[in-house]
Amino acid sequence: MATMPIDLQLLNLCAALLLLLSFAMLAQRRIVTLVNLLAIQGSLLFVATILLAWRTGEHHLYLSAALTLALKVVLLPWLLHWLIRRLQVYWDTEPLLNISGTMLVGLVVVVFAFGLAQPISALANTATRSAIGIAVAVILLSFVTMITRRKAMSQVMGFLSMENGLFFGAMSATYGMPMIVEFGVALDVLVAVLVLGVFFFQIREQFDSLDLHHLEALKESQPLYEAHYSGNETQSPEGATHALHGSPARGAPDRR
């Protein structure tokens, strides 16, 4: 029986750890720990990219590894920690599901992901095609993390973890994307985090919280405000003056 090369064993180990980290992020409620888990996920992607570059001889993967180290291990975690300190948001205390229900949904999602990725793995001819199922599972688990959280910061962690899963899936299926595409995606992710940071400050200033149910309440109350505003616009200037001073409207009987 042939022994699997050590580099492939390490790649499979990185893939398994990525899946375990996705489950840990799914069950985690402390936002600072979510950022740390996201940084560890980026570190595993860096190691996996280095191993794949060494095995395949694809030199552009070394640039991808350097970009991953700079953006996903250093810059984005630092920026997220800075946002957490400024906004003073440390816990996501109101998830839509409890931990047991969330983990059960995660198990079902993983089974579905491996079934979905099986025909894709059969068509791929890369040495890491067995990790495509794990990449799809990481993407779907990150999506579950986004939809089961109420805090905006936690949803951003899910978005960034989903991008990590997409990167790992592209690396497993095709040995990575062209460098111009990877630079474009990295720039888009960085700009998205910066824009979301400004958005967080605006939400915090208006509602003193980052819970997104405040935005749902604002959306529900908006038609009432618009109806009231349009009703005031249709009044005549004389009727508006009477309403302002408490005088009876024209045609109303005088009860004095």
Of all heavy-atom pairs between [X] and [Y], which one has the smallest distance, and what is that distance?
X	Y	result
V73	A39	CG2-O, 4.2 Å
S142	G158	CB-O, 3.4 Å
H81	N36	NE2-OD1, 3.2 Å
A48	M171	CB-CE, 3.9 Å
T102	N98	OG1-O, 2.7 Å
A117	G133	CB-CA, 3.5 Å

Please tell me if the side chains of [X] and [Y] come closer than 4.5 Å, counting only heavy atoms from C-beta onward.
X	Y	result
L13	L17	yes
K72	F167	yes
L141	M25	no
R29	I99	yes
M146	S154	no

Check whether [X] and [Y] end up in the same hydrophobic cluster, where Ile, Leu, Val, Met, Phe, Trp and Tyr are linked by side-chain heavy atoms less than 4.5 Å apart.
X	Y	answer
L71	Y62	yes
L20	I40	yes
V35	W82	yes
M103	V108	no
V111	L107	no

Nearest 0.5 Å, what's the [atom1]-[atom2] distance between [X] and [Y]?
X	Y	atom1	atom2	value
L80	L160	CG	CG	6.0 Å
R55	I6	CZ	CD1	11.5 Å
F114	I132	CZ	CD1	11.0 Å
L45	L18	CG	CG	5.0 Å
W78	L83	CH2	CG	9.0 Å
I134	I139	CD1	CD1	12.5 Å

Sole residue of T49, T56, I50 in side-chain contact (heavy atoms from CB on, under 4.5 Å) with L52:
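Testing each of T49, T56, I50 against L52, the sole residue satisfying side-chain contact (heavy atoms from CB on, under 4.5 Å) is T56.
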Residue that, paired with M157, satisfies side-chain contact (heavy atoms from CB on, under 4.5 Å) out of T33, L34, L37, T145
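Testing M157 for a side-chain contact (heavy atoms from CB on, under 4.5 Å) against T33, L34, L37, T145 leaves exactly one candidate, L34.
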Using the test side-chain contact (heavy atoms from CB on, under 4.5 Å), find all partners of F143 that sit at least two apart in sequence or belong to another chain.
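side-chain contact (heavy atoms from CB on, under 4.5 Å) check on F143 returns I147, M162.
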Check step by step if side-chain contact (heavy atoms from CB on, under 4.5 Å) holds for V144 and L26.
CA-CA 8 Å; V144 173; L26 194 62; 3.7 Å; yes
List the steps and the verdict of side-chain contact (heavy atoms from CB on, under 4.5 Å) for L140 and F112.
CA-CA 9 Å; L140 295 181; F112 172 76; 3.8 Å; yes
Taking everything shown except Q9 itself, do over 12 heavy atoms lie less than 6.0 Å from its CD?
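Count over threshold, so yes.
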